[in-house]
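Notes follow once the structure below has been shown.
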Amino acid sequence: MFTELDPHAERLRGTTLRALFADDPERAERMSVQAGTLLLDFSKNLLDAPAVEALLQLARDRGLEQRREAMFTGEHINTTEDRAVLHTALRRPADAPLEVDGQDVTAAVQEVLGRMAAFTDSVRSGERTGATGQRFTTVVNIGIGGSDLGPRMVVRALRRSLDGTLAARFVANVDGADLETALDGLDAASTLFVVCSKTFTTAETLANAAAARRWLVDALGEDAVGRHFVAVSTNAEEVRTFGISEDEMFGFWDWVGGRYSLTSAVGLSIMLAIGTAQFRELLAGFADLDEHFRTAPVERNLPVLLALVGVWNRNVLGMSTLAVLPYSQDLELLPAYLQQLDMESNGKSVTLDGAPAGTDTGPIVWGQPGTNGQHAFYQLLHQGTTPVPCDMIAFLAPLSDLTDQHDVLMANCLAQTQALAFGRTPQEVAAAGIGPELVPHRTFPGNRPSNTLVVDALTPRALGQLVAAYEHKVFVQGVLWGVNSFDQWGVELGKTLATALVKRLHGEQGGAALDSSTDRLLTLYRDRRGSS
Ligand code: F6P
């Protein structure tokens, strides 16, 4: 697969980033692209201009431009679920109707956004109170996966946009410790719950929502539920069954994938925390990058180039992971968010027509904020046997009032990309007076690829641009690998097996015989539970 890239791989075999930079003083400028307030410098990758051109041609040959248009116009590109993929419609201009499957999706989106805004304003102003007449001071979002990671990450990232009107907390794990921690110190009378689940059938979310409901009822009585619980879902029937009326439900549609849903009603807890105006700024940021992705020529298209560099590292250089390293404490949750976005989308081994993918697909995405990671796992990044491509994300404007420390943060970010790319040769180590026995230990191989994404400031708009850039990157890679980036059948088996094991734990007899390992471990747990 991708044999078109072979001659380029051959030509570049053995070359070094030192040589590539020495050969072309304009390399950084040539291998940088701007979109909105984002600047991507991909020059510290083991690529040259002809290789980039070959990758661009590959994208054209794979029909990227047609596939992109098919997504934006609502074709059912999620073929295994027969659905359109229209998260871009969630941030489309209000005056740009889009008819898909007989529905004007822009009008539908605006209607929900209007209801979200009215609700948010009434809660934030104190007009809508809890059952006892107290103002809400905390919103607790109960959801998991795409119904948690996006809102959680955005609220954490936009610390500076929070005005303290409403604090947001998040509960995801079915481990009761998560809910207990989230409820710790809260007063039921001033707590609003958003139960967020696209399907409203997710076991973890329903268990946590039921427990939260009991907590509220214990404090305020059954009648309080209607004032303190709202739902975000596509499943009105299950929401009703849970006991939340349709008036208190904010809907979205099956054409919004969970991991692409933070700009839908799933973002309600974000809107409650940062207010409607800032939420609209966030949407505007997404829209900026949607427009860029849809209209910029592929050779100047930031998400396209980010994706193609990733394909080069994955498929030509055989690198199986991607480290996301935000040099921003406020973006500490971005790696976890991108993990779902990327790995649930492109962690596939068959193509759209069900044939084996025939090539490596989505990488393992992981990461931590810099500089923390430098003192933990960067040792392996610099001298380990597994090269790891890195996405460094940095901000020009300081994110804290300790502006001097921002200089140190930025210097560290750039220094890491230097060390990864150019390393330190044995000769340089020896020339620095290091004894021969230590030279191998203190040599850095270099030639380790990294992207640097520079953002002006961590505003709602810039954050929207950044996240949309990654959404579209994932899309482009899915097109190149020929997979469906919008289903997630791979999570189903585990759910089914867990349900069966819960039944056994609750004493249900029968069912298929268990393997000896699972059987033994289950017995161990049951015995311990029985004796506690
Ligand atoms: O199990 C995976 C998944 O379906 C994700 O794709 C999704 O984001 C998450 O579960 C939560 O689903 P829901 O929003 O329906 O509760």
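This is a predicted model, so every value here is computed, not measured. Order of listing sets the numbers, starting from 1, for every ligand and every atom in it.
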Look at [atom] and say which protein heavy atom is nearest, naming residue and atom and giving the distance to 0.1 Å.
{"atom": "atom 4 (O) of ligand 1", "result": "Lys495 NZ, 3.9 Å"}
{"atom": "atom 6 (O) of ligand 1", "result": "Glu344 OE1, 2.8 Å"}
{"atom": "atom 12 (O) of ligand 1", "result": "Thr202 OG1, 3.5 Å"}

Can you find an N or O of Gly146 that's nearer than 3.5 Å to an N or O of ligand 1? yes
Heteroatom distance test (Thr205, ligand 1): nitrogen or oxygen, under 3.5 angstrom: no
Taking the six-membered ring of Phe293, is NZ or CZ of Arg68 closer than 6.0 Å to its centre and within 45° of its axis? yes
Among Thr199, Asn235, Val491, which residue places a heavy atom closest to atom 15 (O) of ligand 1? Thr199
Do [X] and [Y] touch side chain to side chain, with heavy atoms closer than 4.5 Å?
{"X": "Phe200", "Y": "Val195", "value": "yes"}
{"X": "Phe475", "Y": "Val85", "value": "no"}
{"X": "Thr88", "Y": "Tyr260", "value": "no"}
{"X": "Leu463", "Y": "Leu458", "value": "yes"}

I'd like to know if Gln340 contacts ligand 1, where contact means a heavy-atom distance under 4.0 Å to any ligand atom. yes
Proximity flag Glu204 to ligand 1, non-hydrogen atoms under 4.0 Å: no
Between His87 and Phe486, what is the ring plane arrangement, given parallel below 30°, perpendicular above 60°, and tilted in between? tilted
Are any non-hydrogen protein atoms located under 4.0 Å from atom 10 (O) of ligand 1? no
Under the criterion salt bridge (Lys or Arg N to Asp or Glu O under 4.0 Å), which of Glu471, Glu291, Glu281 is the partner of Arg91? Glu471
Could you tell me if the ring centre of Phe119 sits under 6.0 Å from that of Phe250? yes
Taking only heavy atoms of Ser147, which atoms of ligand 1 are found under 4.0 Å from at least one of them? 13 (P), 14 (O)
Once you restrict to heavy atoms under 4.0 Å, what part of Gln488 touches ligand 1? Side chain, backbone, both or neither. side chain
